[in-house]
Amino acid sequence: MELVGTAKKKTTKGTTMSGAQAVLECLMAEGVETIFGYPGGAIMPIYDELYKVQDKLEHILTRHEQGATHAAQGYARVCDKPAVVFATSGPGATNLITGLADAMIDSTPMVCVTGQVGSHLLGSDAFQETDIISISTPVTKWNYQITKAEEIAEVFAKAFYIAHSGRPGPVLIDITKDAQFAELDFSYEKCTQVRSYKPKPKIDATQIQAAANLINAAKKPLIIFGQGIILGEAEQELIQLVEKSGIPAAWTILGLSAMPTDHPLNVGMLGMHGNYAPNIKTNECDVLIAIGMRFDDRVTGNLDYYAKQAKVIHFEIDPAEVSKNVTADIAVLGDAKESLTQLLPLIKENTHTDWHNSFKELDKKEYEKVIEGDLHPSKPGLTMGEVIKEINNITDGDAIIVTDVGQHQMIACRYAKFQKTRSNITSAGLGTMGFALPAAMGAKRGAMDRAVIAIAGDGGYQMTIQELGTIFQNKLAVKIVVLNNDFLGMVRQWQQLFFDKRYASTEMVNPDFVTIAKGYFIEAERVTERKNLADAVKRMLDFDGPYFLEVKVEKEDNVFPMIPTGASISDIRLE
């Protein structure tokens with residue numbers, strides 16, 4: 001996309017200042033309050049100006065640049081606005097890549113600002129010079145290198161607009177050191193349009209009518225919804241559609257919390273470790289209504305056998321996702337809230353009682369085979385499921401749950417209860433171990449009035465464990481739960497089921513997590529017996545400040561249901 005051709009709304013008047021000061025003025029004009037970052041030589045002029053406006057812009061010093069990106073993701077996901085990250089050149093910039101890739105695939109708005117060597121040194125292999133523009137291009141929605149101070153205002157305005165409009169995503173701005181020092185006549189105008197960039201497709205009324213006709217004629221319809229509902233703020237429209245039509249609705253893990261988990265028409269999670277009924281019924285429905293989801297392979301299983309009997313209606317804001325994996329019979333391009341608002345008056349009231357009751361029969365089977373054992377185990381060792389159950393008992397679905405990646409993630413998504421939207425924060429598309437702890441920091445900073453609980457495994461937790469220092473220094477009352485099975489649990493489960501129990505490089509020899517947490521001046525305890533679990537969870541949630549709880553769980557417990565890799569969703573296993 002070109003830098004020129006931008007329509008703008010004027011917000012500030014012109015004045016002379018340095019490029020570094022202009023960067024901060026841009027952020028304040030965009031309503032930024034918090035920055036996550038790590039300083040270094042190439043971005044030092046910006047940090048020097050930041051020192052002067054500490055009363056206006058809060059900076060949270062993370063312990064690693066990757067931690068800053070994940071914290072920004074957590075903040076953006078709960079606040080519904082772009083989060084900002086600062087990093088220096090070279091390794092500081094390259095340490096952002098995992099977070100950028102995670103934000104890109106999970107559609108999280110983020111503006112990353114990296115310092116760069118002086119423009120006269122570009123391409124010379126100067127100290128801490130890397131071509132971060134080329135490196136980050138595949139994992140950003142847009143990026144740009146500023147070499148002249150005069151470019152700053154227009155580039156930042158465009159960056160914020162692109163990051164948050166349409167299907168959100170991360171952008172990166174690289175600024176040479178001389179551009180930070182140089183002076184400019186600064187004025188700021190918010191961007192409202194970019195040439196060649198159409199973030200919201202115009203809704204086709206004929207497609208809306210065609211979708212309504214198909215839905216009204218369906219005998220066994222199924223709604224599957226994703227994060228597009230949350231990003232489009234279409235939660236109420238979704239609930240109205242479900243209640244008016246009587247259609248059961250299932251969710252992807254990024255769609256979780258868009259609809260209360262206890263809603264009678266919420267039939268559970270799709271995908272590899274999702275609920276039995278929605279997976280089986282996907283291959284029995286006659287009309288499949290996908291809203292704000294992209295048919296990820298973890299949801300579909302083997303595409304050769306996915307919903308071949310169904311007519312597919314796809315509501316989607318990103319044209320690139322339509323018929324990419326699953327061919328849509330009817331495609332409704334546009335913002336989810338606007339599309340559903342137009343659809344609702346055309347939908348006939350219905351109940352689909354018999355169809356919905358067929359889900360309940362499968363639910364009973366899953367409860368007997370899986371859920372009863374997860375939540376009310378007879379085995380001596382603690383299960384991950386009963387930990388989530390105890391958290392539900394106290395939070396009553398009101399907490400923000402931030403999960404890492406692995407068995408605990410699937411268990412938490414299966415069993416955590418949610419009453420409010422934007423309450424489930426996880427790394428879905430990229431599956432980034434180490435996500436939970438820093439993302440929970442950002443989520444807490446963005447929602448100081450809500451309980452924020454990070455749930456991690458012993459493996460992923462150690463990838464970003466240093467962020468305990470950030471939590472302590474900034475007095476962020478994050479509650480941290482590590483479900484410790486002394487294994488890389490998800491990999492071990494696959495090794496058990498598909499590699500004849502050859503546990504290659506998955507058993508962990510772990511440190512004393514409680515002592516480490518206390519070394520960061522964080523209250524901590526360990527639970528090893530069932531009789532102590534409920535009281536420990538209550539102590540954690542009642543404590544006024546950050547708290548660490550390690551729960552020793554069964555070493556070789558597995559997560560079911562499970563769809564084996566390459567199998568059809570109809571081949572989902574309960575044991």
Side-chain angles (χ1 to χ4, degrees), residues 1-6 8 17-27 30 32 35 37-50 65 68-69 72 82-101 103-104 109-163 169-184 186 188-189 191 194-197:
M1 286 174 280
E2 301 174 47
L3 182 60
V4 296
T6 307
K8 312 152 203 168
M17 63 181 66
S18 70
Q21 186 180 351
V23 167
L24 303 182
E25 290 293 333
C26 293
L27 299 184
E30 291 289 347
V32 173
I35 300 162
Y38 205 102
I43 199 170
M44 205 172 294
I46 292 175
Y47 270 90
D48 186 56
E49 291 297 333
L50 182 60
E65 291 89 352
T69 59
V84 176
V85 174
F86 282 176
T88 194
S89 63
T94 58
N95 281 343
L96 303 181
I97 295 301
T98 297
L100 286 167
M104 184 69 175
M110 187 161 66
V111 176
C112 291
V113 181
T114 55
Q116 184 56 276
V117 301
S119 56
H120 66 291
L121 293 173
L122 290 174
S124 69
D125 293 332
F127 177 68
Q128 291 194 334
E129 181 199 0
T130 58
D131 183 1
I132 194 61
I133 294 298
S134 296
I135 293 170
S136 66
T137 294
V139 293
T140 52
K141 192 175 176 184
W142 182 66
N143 61 17
Y144 190 86
Q145 185 175 78
I146 294 175
T147 59
K148 299 180 184 301
E150 293 80 11
E151 299 177 295
I152 289 172
E154 187 173 357
V155 170
F156 270 81
K158 182 177 179 182
F160 274 88
Y161 174 65
I162 290 172
V171 301
L172 181 139
I173 304 171
D174 193 45
I175 310 179
T176 60
K177 199 166 184 179
D178 51 320
Q180 297 173 49
F181 279 122
E183 291 198 338
L184 71 152
F186 177 80
Y188 194 75
E189 298 175 339
C191 177
V194 175
R195 181 189 301 167
S196 79
Y197 172 55

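Note that these values count all heavy atoms, side chains included, but never hydrogens, waters or copies made by symmetry. What you are looking at is a predicted structure, and each value in this text was computed from that prediction instead of being measured.
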State, to 0.1 Å, how close [X] and [Y] come at their nearest heavy-atom pair, and which atoms those are.
| X | Y | answer |
| --- | --- | --- |
| G118 | D178 | CA-OD1, 3.5 Å |
| A101 | V139 | CB-CG1, 3.6 Å |
| A149 | G19 | CB-CA, 4.4 Å |
| F181 | P45 | CZ-CG, 3.6 Å |
| C191 | A157 | CB-O, 3.3 Å |
| A22 | F186 | CB-CD1, 3.6 Å |

Once you round to the nearest 0.5 Å, how far does [atom1] of [X] lie from [atom2] of [Y]?
| X | Y | atom1 | atom2 | result |
| --- | --- | --- | --- | --- |
| M44 | K177 | CE | NZ | 6.0 Å |
| M110 | L100 | CE | CG | 4.5 Å |
| E183 | E150 | CD | CD | 10.5 Å |
| I132 | T137 | CD1 | OG1 | 9.0 Å |
| T88 | L96 | OG1 | CG | 10.5 Å |
| S136 | I173 | OG | CD1 | 11.0 Å |

Discussion item. List the residues meeting side-chain contact (heavy atoms from CB on, under 4.5 Å) with L122, not counting sequence neighbours, and say none if there are none.
Written reply: Q116, V117, S119, E129, Q145, T147, T176
Would you say the side chain of [Y] lies within less than 4.5 Å of the side chain of [X], judging by non-hydrogen atoms?
| X | Y | value |
| --- | --- | --- |
| E151 | Y144 | yes |
| T140 | V171 | no |
| V194 | W142 | no |
| F160 | P109 | no |
| T69 | N95 | no |
| T130 | S89 | no |
| I46 | I175 | yes |
| L27 | F156 | yes |

Worksheet item: Near Y38 OH, under 6.0 Å, is it more than 12 heavy atoms from other residues, nucleotides or ligands?
Response: no
Worksheet entry | Short side-chain to backbone donor-acceptor contact, E65 and V85, under 3.5 Å | no
Discussion item. Would the distance check show the side chain of N143 and the main-chain N or O of I133 forming a donor-acceptor pair, the cut-off being under 3.5 Å?
Written reply: yes
